[in-house]
Amino acid sequence: MSEIVVHPTAIVASGAQLGAGVKVGPYCIVGEHVVLHDNVELISHAVVEGNTTIGASTKIFPFASVGHQPQDLKFHGEASRVEIGERCTIRELVTINPGTEGGGMLTKIGNDCLLMACSHVAHDATVGNNVVLANYVGVAGHAVIGDYVRFGGLCGVHQFVRIGNHAFIGAQSMIDADVIPYGMALGNRARLAGLNLVGLKRSGFDRDAIHTLRAAYRMIFSSEGTLRERVDDAAVMFKDAALVQDVVSFIGGAKDRPLCLPRPAADEE
């Protein structure tokens with residue numbers, strides 16, 4: 001088994017669990033209820049506290065703070081948790097807070113995520129796999145971020161917002177409404193600006209599947225009838241199109257926030 005390496009200046013509580021090959025660098029602090037799986041590396045000056053589990057081969061850079069008390073006035077010391085997946089990269093000054101009693105007690109980040117410097121994941125948020133948060137992105141409490149979502153820098157995500165798989169959020173956007181899977185949202189407050197076609201192609205989606213999704217998008221966000229009617233029509237017309245059904249299911253699952261819509265034609269310049 002690979003040797004565990006803890007720098008002499010680091011403080012690792014006696015109850016912490018360290019897997020094979022873990023490296024804890026200078027001036028890091030690891031709390032007593034923390035679990036660091038195999039080959040996790042804390043480079044230096046990183047703090048991991050609370051009931052926090054870090055997946056194998058995740059790397060945490062200096063001055064990141066993971067697992068400290070959430071920034072929620074309703075938090076009263078409950079034993080909530082943070083779970084971070086495997087092979088994630090958590091850069092400088094990132095903050096990740098645990099859940100709360102009012103939100104399921106868990107903040108969860110999937111595998112293969114990149115959280116760039118100064119980004120934030122708040123209490124009870126869920127972040128999927130292969131997500132990129134660029135610098136200064138703030139994900140508020142209870143938000144749900146799907147797989148392969150990409151954020152430009154300086155974005156804000158309102159609490160309880162859902163962002164579907166493979167969506168793209170443009171830099172400096174404020175997201176206060178749900179963004180459909182495969183969608184692209186831009187602006188403050190953000191509006192839907194079409195499909196994330198570049199991301200879909202880069203992810204290897206079939207050309208015909210993308211073409212079908214574009215046709216369904218035009219139907220769903222046209223001006224005829226109500227949104228509910230258009231979604232129902234798309235569900236029937238494209239019943240064998242997996243990407244379209246992802247969008248239909250996402251819209252049907254709306255609960256706490258409105259849906260991010262395209263800008264009305266009258267507003268276009």
Side-chain angles (χ1 to χ4, degrees), residues 70-72 88 90-91 93-97 99-100 102-104 106-110 113-200 202-203 213 217 220-221 227 231 243 246-265 267-268:
Q71 299 172 97
D72 184 343
C88 291
I90 298 171
R91 294 303 305 249
L93 296 167
V94 166
T95 52
I96 302 170
N97 295 155
T100 64
L106 174 65
T107 300
K108 186 172 183 178
I109 296 173
C113 293
L114 169 58
L115 280 63
M116 295 188 193
C118 302
S119 57
H120 172 66
V121 178
H123 61 88
D124 305 294
T126 300
V127 177
N129 302 313
N130 296 279
V131 172
V132 176
L133 306 185
N135 303 91
Y136 295 97
V137 170
V139 177
H142 312 277
V144 178
I145 312 300
D147 297 338
Y148 292 95
V149 176
R150 299 289 189 266
F151 289 87
L154 297 161
C155 291
V157 179
H158 195 284
Q159 60 184 357
F160 295 102
V161 156
R162 299 176 304 142
I163 298 178
N165 296 342
H166 292 275
F168 176 81
I169 310 301
Q172 299 185 14
S173 294
M174 175 59 204
I175 308 298
D176 62 352
D178 292 346
V179 179
I180 61 169
Y182 319 110
M184 179 169 59
L186 310 169
N188 181 14
R189 290 331 198 219
R191 290 284 194 162
L192 199 60
L195 294 170
N196 181 19
L197 297 176
V198 173
L200 287 166
R202 286 176 176 172
S203 295
L213 179 62
Y217 177 92
I220 291 171
F221 296 105
L227 176 62
V231 170
L243 302 189
D246 286 345
V247 175
V248 168
S249 296
F250 182 89
I251 295 173
K255 293 188 298 183
D256 297 299
R257 303 298 304 168
L259 186 67
C260 185
L261 299 171
R263 191 175 301 280
D267 294 344
E268 300 289 347

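Numbers here are sequence positions counted from 1.
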Exercise for review: Go through the steps for Leu213 and Val247 under the test side chain to side chain contact (heavy atoms under 4.5 Å, CB included), then give the verdict.
Suggested key: CA-CA 9 Å; Leu213 179 62; Val247 175; 4.1 Å; yes
Check your understanding: Considering all heavy atoms of both residues, which atom of His158 and which atom of Ala140 are nearest to each other, and what is their separation?
Key -> C-CB, 3.8 Å
Check your understanding: Distance from Cys260 atom SG to Arg191 atom CZ, nearest 0.5 Å?
Key -> 7.5 Å
Review point. In Å, rounded to the nearest 0.5 Å, how long is the span from CD1 of Ile109 to SG of Cys88?
Key: 6.5 Å
Practice item. Scan side-chain atoms only and decide if Thr107 and Asp124 contain a donor-acceptor pair under the 3.5 Å cut-off. Key: no
Study note, to complete from the structure: Heavy atoms of Asn196 and Ala167 approach each other most closely as ND2-C, 4.0 Å
Check your understanding: Is a side-chain donor or acceptor of Ser173 paired with a backbone partner of Gly187 at a separation under 3.5 angstrom?
Key -> yes
Practice item. Starting at CG of Leu197, measure out to CE of Met184 and round the result to the nearest 0.5 Å. Key: 7.0 Å
Review point. Side chains of Phe168 and Val149: closer than 4.5 Å at any heavy-atom pair?
Key: no
Practice item. Check step by step if side chain to side chain contact (heavy atoms under 4.5 Å, CB included) holds for Leu133 and Met116. Key: CA-CA 6 Å; Leu133 306 185; Met116 295 188 193; over 6 Å; no
Point to revise | Flag, side chain of Asp147 to backbone of Asn129, donor-acceptor distance under 3.5 Å | key: yes
Exercise for review: Please determine, by modelled atom types, if Asp246 and Tyr182 share a side-chain donor-acceptor pair under 3.5 angstrom.
Suggested key: yes
Exercise for review: Would you mind reporting whether Val121 and Asn97 have side-chain heavy atoms less than 4.5 Å apart?
Suggested key: no
Check your understanding: Does His120 reach the main-chain N or O of Thr95 with its side chain, forming a donor-acceptor pair under 3.5 Å?
Key -> yes
Exercise for review: Could you go through the side chain to side chain contact (heavy atoms under 4.5 Å, CB included) check for Val157 and Phe151 one step at a time?
Suggested key: CA-CA 10 Å; Val157 179; Phe151 289 87; 3.6 Å; yes
Exercise for review: Flag the pair Val131 / Tyr148 as yes when at least one side-chain heavy-atom distance between them is below 4.5 Å, and no otherwise.
Suggested key: no
**Study point:** pair His166-Arg150: side-chain heavy atoms closer than 4.5 Å
**Key:** no
Practice item. Run the salt-bridge test on Asp178 and Arg257 with the 4.0 Å N-O cut-off and return the result as yes or no. Key: no
Check your understanding: Are the side chain of Arg162 and the backbone of Phe250 linked by a donor-acceptor contact shorter than 3.5 Å?
Key -> yes
Practice item. Of all the heavy-atom pairs spanning Cys155 and Gly170, show the shortest one and how long it is. Key: SG-O, 3.0 Å
Check your understanding: Can you tell if the side chain of Leu106 reaches within under 4.5 Å of the side chain of Thr126, non-hydrogen atoms only?
Key -> no
Exercise for review: Provide the closest heavy-atom pair for Ala185 versus Ala190 in the form atom of the first, atom of the second, distance.
Suggested key: CB-CB, 4.3 Å
Review point. Has Gln172 got more than 12 heavy atoms of other residues, nucleotides or ligands less than 6.0 Å from its CD?
Key: no
Review point. Would Leu154 and Asn135 satisfy side chain to side chain contact (heavy atoms under 4.5 Å, CB included), going step by step from the backbone distance to the final call?
Key: CA-CA 6 Å; Leu154 297 161; Asn135 303 91; over 6 Å; no
**Study point:** Tyr136 atom OH: more than 12 heavy-atom contacts under 6.0 Å
**Key:** no
Check your understanding: Hey, does Val144 have a side-chain heavy atom less than 4.5 Å from the side chain of Ile163?
Key -> no
Revision key, fill the gap. So CG of Leu192 and CG of Leu186: to nearest 0.5 Å the spacing works out to 9.0 Å
